[in-house]
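Presented below is the structure to which this report refers.
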Amino acid sequence: KAFDFQRHIINKAMQKGRIGIFADTGLGKTLIQLSLANNVVLTTNKNVLILTPLAVAFQFLDEAASIGIDDIEHSKDGKFTKKIVVCNYERLHYFNASDFECVILDESSILKNFDGKIKEQITAFIKKVPYRFLSTATPSPNDFIELGTSSEALGYMGYMDMLTKFFKNNQNSVDSNNRNIGEKFYLKPHAEKDFFAWVNQWSIMVKKPGDIGF
């Protein structure tokens, strides 16, 4: 049931195993995420956890029913009997990372809105999981916080390492306590090409199918 560009994203994500899917609203991220979850189950026969913001879980269950995926359920207390488990971010503490082969973060841009405790909990949880997929609408190219936290969550370059390698600020120093980090830092002019080539290694960024050749 997937469009050609969605199949391309699903195939690339499965081959990569850990990737950010930054696809604009209306490009079918829910179908893509469910397809990835189902592929992991079919490939490994192990469990998949889909983390969603509050009130979004039912959309996954409805869409799963429409594409014939029935091994899925919504859990609020850490108990589950199906292979694909949908849960709200705030209830992650009920689950154990060792029970899952894959974690999918829906609306992953929400990571930067959580306080440090929940963000650290999510990052620590998924670090132990082989398959990791982040999914959100395309971040602004200037939203360095989101790109850095996404890379770190996926197990690629850490946020502070990213800042040190590609960015400068007015004081020519890296201060992790600076809350306006996205505004104060700017890409080193000679590093722009390398920076986006690096982002392209661990993500798919698409505003319309034509961006990736469809």
Side-chain angles (χ1 to χ4, degrees), residues 1-14 16-97 99-114 118 122 125-126 129 131-139 146 150 153-154 203-209 211-212 214:
K1 300 208 175 182
F3 290 113
D4 51 5
F5 76 92
Q6 292 170 330
R7 285 198 296 274
H8 169 78
I9 292 170
I10 294 162
N11 284 328
K12 181 171 179 177
M14 279 302 295
K16 189 81 175 165
R18 290 179 286 123
I19 200 166
I21 299 165
F22 302 134
D24 227 346
T25 309
L27 293 181
K29 288 191 291 295
T30 304
L31 180 145
I32 290 167
Q33 291 172 93
L34 284 166
S35 299
L36 290 171
N38 199 42
N39 270 290
V40 171
V41 170
L42 292 171
T43 305
T44 67
N45 198 32
K46 293 184 178 174
N47 303 318
V48 176
L49 182 64
I50 301 176
L51 289 168
T52 72
L54 282 168
V56 176
F58 72 92
Q59 293 176 13
F60 277 85
L61 300 182
D62 289 348
E63 180 107 24
S66 76
I67 59 175
I69 295 173
D70 54 13
D71 200 0
I72 184 170
E73 66 183 317
H74 182 205
S75 173
K76 298 179 179 179
D77 58 4
K79 296 174 185 158
F80 57 93
T81 57
K82 308 271 190 173
K83 290 283 189 198
I84 302 172
V85 185
V86 183
C87 156
N88 301 127
Y89 281 104
E90 291 81 358
R91 294 180 179 271
L92 178 61
H93 59 279
Y94 289 117
F95 293 86
N96 190 329
D99 290 333
F100 298 96
E101 186 74 2
C102 170
V103 175
I104 297 172
L105 304 188
D106 179 49
E107 303 296 347
S108 58
S109 57
I110 204 168
L111 280 176
K112 65 183 178 187
N113 299 333
F114 282 129
I118 294 185
I122 294 166
F125 187 98
I126 68 173
V129 178
Y131 286 91
R132 301 174 220 166
F133 303 112
L134 310 185
S135 180
T136 189
T138 47
E146 184 166 345
S150 297
L154 288 167
S203 72
I204 301 169
M205 214 174 276
V206 51
K207 283 188 174 291
K208 57 186 187 303
D211 292 342
I212 51 174
F214 292 92

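All residue numbers refer to positions in the sequence shown, counting from 1.
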Can you name the residues that form a side chain to side chain contact (heavy atoms under 4.5 Å, CB included) with E73, not counting sequence neighbours?
F80, T81, K82
Any side-chain to backbone donor/acceptor pair from K83 onto N45? Under 3.5 Å, distance only.
yes
Distance-only donor-acceptor pairs under 3.5 Å for side chains of residues 6-14, two or more places apart:
residue, atom, partner, partner atom, Å
Q6, OE1, F3, N, 2.7
Q6, NE2, L27, O, 3.0
R7, NH1, A2, O, 2.7
N11, ND2, R7, O, 3.2

Do E146 and T136 have side chains that get closer than 4.5 Å, going by heavy atoms?
yes
Taking Y131 for the side chain and I104 for the main chain, is one N or O donor matched with an acceptor at less than 3.5 Å?
no
Looking only at heavy atoms, which two atoms of S75 and F95 are closest? And how far apart?
OG-CZ, 3.5 Å
side-chain contact (heavy atoms from CB on, under 4.5 Å) between I204 and I19: does it pass, once the steps are laid out?
CA-CA 8 Å; I204 301 169; I19 200 166; 3.7 Å; yes
Where I126 and A153 come nearest, the two heavy atoms and their spacing
CD1-O, 3.3 Å
Nearest heavy-atom contact between R91 and K76 is NH1-O, 3.0 Å
d(L92 CG, I122 CD1) to nearest 0.5 Å is 6.5 Å
Return the CZ to CG distance between F100 and L49, rounded to the nearest 0.5 Å.
4.5 Å
Considering only distance and modelled atom types, tabulate donor-acceptor pairs under 3.5 Å from the side chains of residues 51-70, sequence neighbours left out.
residue, atom, partner, partner atom, Å
T52, OG1, N88, ND2, 3.4
S66, OG, E63, O, 2.7

Would a distance-only check, ignoring hydrogens and angles, find a side-chain to backbone donor-acceptor pair under 3.5 Å from R132 to L154?
yes
Using every non-hydrogen atom in the two residues, find where Y89 and S108 come nearest and quote the distance to one decimal.
OH-CA, 4.0 Å
CG on D106 to OG1 on T30, rounded to 0.5 Å:
6.0 Å
Evaluate the criterion side-chain contact (heavy atoms from CB on, under 4.5 Å) for residue pair S150 and F22; output intermediate values, then yes/no.
CA-CA 10 Å; S150 297; F22 302 134; 4.0 Å; yes
